[in-house]
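Being a predicted model, the structure only gives us computed values, none of them experimental.
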Amino acid sequence: RIADGEAAVPDDYDTIDCAGHCVAPGLIDVHSHLDNPEAMRRALDSGTTTVRSASVPAFQDVGLRELVRAGALPGPDVVAAGVYVTPDLEDGIMADPRLAPLHGGVRTEAELRLVVQVNAERGVDVIKTRGTERAGRPDTDPREQVYTRAQLEIVVDEAAKHGLPVMVHAHGDEGARAAVEAGARSIEHGTYLSEKTLGLMKERGTWFVPTLITMIEMNEEQYDHVLRLRGAHMVPRLEQAIRDAHRLGVKFATGADNYYDDKSINRISLEVWHLVRLGLSPFEALQAATVSSAELLGLGDRTGRIAPGYEADLILLPGNPLEDVRALQDVLLVVSNGQVALKRIPFGLP
């Protein structure tokens with residue numbers, strides 16, 4: 001943590017000369033699917049010092065969170081979501097023996113409450129559910145609503161019993177609006193959000209996590225032709241939703257929707273650049289990736305800013321991101337939980 005006032009430097013500490021560079025808070029990714037230590041390392045190397053899981057198959061996010069807390073990994077800190085509350089649990093059905101009876105689906109009140117309860121008992125920090133279908137499968141339409149407002153209210157109600165907020169995957173407007181009305185803390189993706197739904201989000205304080213970079217990635221050649229066409233259609237609509245949300249004053253947080261594998265380059269630094277391209281000021285976009293995302297996660301008193309009493313989650317950049325946010329794409333030094341996790345300076349010989 002950052003202490004008040006001057007502090008003597010112990011003799012056994014290394015001093016790193018950061019002159020000529022710019023220090024910023026560590027970046028926060030509030031929509032991630034990382035599930036292994038190698039992915040954690042890649043996230044750190046990009047300057048991300050805190051992540052919120054957006055579901056993993058078998059509570060790997062809970063395990064990674066505890067390894068960081070124990071000091072076995074330098075970070076990033078993990079806010080865990082555990083198993084996705086979705087009509088078809090897919091791989092999540094094997095995460096806990098209590099979920100085996102749900103092999104036929106998760107739709108009734110008892111079934112929805114059971115998945116939330118199992119997640120809570122396994123120690124998650126947030127519940128993830130869905131309002132609409134996926135975008136990344138050619139056999140689904142991302143606008144299709146999958147849970148009703150009543151079903152989403154059950155998820156929110158059960159989560160609240162355990163003190164857990166709810167994040168909701170929603171591309172289509174109808175599913176997103178149902179989620180907002182049900183009490184979701186954040187809408188993830190939000191491709192087809194209407195001004196009416198965005199206005200309700202502003203009124204209720206619901207957060208918008210656009211994950212634009214993952215929509216843009218669908219246009220790349222490794223994707224199925226259906227998905228590439230879909231991406232070409234969805235990206236302009238999500239860009240308009242971001243512009244409308246900014247104009248209406250909806251709160252933004254940043255998510256890369258990324259597994260941090262060794263192929264994708266989806267990173268928070270790129271999401272910030274796109275937010276600026278779409279009308280946010282560099283200051284607003286940097287806030288979205290730091291102090292605002294920390295507020296969404298309920299960590300606003302611990303991280304997201306450089307201040308006395310806050311965790312030492314810091315990055316060093318070659319330039320001022322308030323003048324050019326592309327500086328975030330070239331992180332020179334990462335300090336996570338007070339540990340130096342990445343050090344690329346000095347450039348010259350010692």
Main-chain N/O of Ala341 paired to Arg41 side chain as donor or acceptor, under 3.5 Å: yes

Evaluation steps, salt bridge (charged side-chain N to carboxylate O under 4.0 Å, His left out), between Arg98 and Glu121: CA-CA 11 Å; Arg98 291 169 290 180; Glu121 291 173 18; 2.3 Å; yes

Pairwise distance CD(Glu66) to CG(Leu73) - rounded to 0.5 angstrom: 11.5 Å

Heavy atoms from other residues, nucleotides or ligands near CD1 of Ile265 exceed 12 (cutoff 6.0 Å): no

Arg107 with Glu111: basic N within carboxylate O range, under 4.0 Å: no

Pair Arg130 + Glu188, salt bridge at N-O below 4.0 Å: no

Salt-bridge present (Glu271, Arg267; N to O < 4.0 Å): no

Pairing of Glu239 and Arg277 as salt bridge, 4.0 angstrom limit: yes

Between CG on residue Asp324 and CH2 on residue Trp273, distance to nearest 0.5 Å: 10.5 Å

Leu112 side, atom CG; Gln117 side, atom CD - distance, nearest 0.5 Å: 10.5 Å

Approximate separation, where rounding is to 0.5 Å, of Ser46 OG and Tyr260 OH: 4.5 Å

Distance-minimising heavy-atom pair for Ala81 and Ser55: CB-N, 3.8 Å

Thr254/Leu275 under side-chain contact (heavy atoms from CB on, under 4.5 Å): CA gap, chis, key distance, verdict: CA-CA 9 Å; Thr254 51; Leu275 290 177; 3.9 Å; yes

Heavy-atom pair with the smallest gap, counting every atom of Arg122 and Val62: O-CG1, 3.6 Å

Minimal non-hydrogen separation, Ala245 against Phe208, with atom names: CB-CD2, 3.7 Å

Test log, rule side-chain contact (heavy atoms from CB on, under 4.5 Å), inputs Tyr84 and Val115: CA-CA 8 Å; Tyr84 201 175; Val115 181; over 6 Å; no

Carboxylate-amine/guanidinium proximity below 4.0 Å for Lys161 and Glu158: yes

Val226 to Asp224 - nearest heavy-atom pair and separation: N-OD1, 2.6 Å

Distance (rounded to the nearest 0.5 Å) between Tyr192 OH and Asp173 CG: 11.5 Å

Cationic N near anionic O, under 4.0 Å, Arg42 to Glu38: no

NZ/NE/NH1/NH2 to OD/OE distance under 4.0 Å, Arg247 and Asp244: yes

Joint hydrophobic cluster, Tyr147 plus Val118, side-chain heavy atoms closer than 4.5 Å: yes

Separation between NZ of Lys251 and CD of Glu295, rounded to the nearest 0.5 Å: 5.0 Å

Residues Asn258, Asp29; criterion side-chain hydrogen bond (donor to acceptor under 3.5 Å, both in side chains); working and verdict: CA-CA 9 Å; Asn258 191 5; Asp29 183 346; over 6 Å; no

Side-chain ion pair, Asp125 and Arg65, N-O less than 4.0 Å: yes

Atom of Ala135, atom of Arg230 and distance for their closest heavy-atom approach: O-NH1, 2.7 Å

Thr211 and His189: side chain donor to acceptor below 3.5 Å: yes

Candidate pair Leu316 and Ile345, rule side-chain contact (heavy atoms from CB on, under 4.5 Å), full reasoning: CA-CA 10 Å; Leu316 189 70; Ile345 56 170; 3.3 Å; yes

Note, Leu297 side chain near Val79 side chain (heavy atom, < 4.5 Å): yes

Chi angles and distances behind the side-chain hydrogen bond (donor to acceptor under 3.5 Å, both in side chains) call for Thr197, Ser194: CA-CA 5 Å; Thr197 299; Ser194 67; 3.3 Å; yes

Salt-bridge criterion met for Asp313 and Arg302 (N-O under 4.0 Å): no

Stepwise side-chain contact (heavy atoms from CB on, under 4.5 Å) test for Val85 and Val166: CA-CA 10 Å; Val85 183; Val166 177; over 6 Å; no

Lys263 and Asp261 ion-paired at < 4.0 Å: no

Closest heavy-atom pair and its distance - Ala176, Leu193: CB-CD2, 3.4 Å

Criterion side chain to side chain contact (heavy atoms under 4.5 Å, CB included) against Arg52, the qualifying member of Val209, Asp61, Val78, Asp77: Val209

Parallel, tilted or perpendicular: rings of His246 and Phe252 (30°, 60°): tilted

Co-membership, hydrophobic cluster, residues Val272 and Ile242, 4.5 Å side-chain: no

Glu90/Arg137 salt bridge by N-O under 4.0 Å criterion: yes

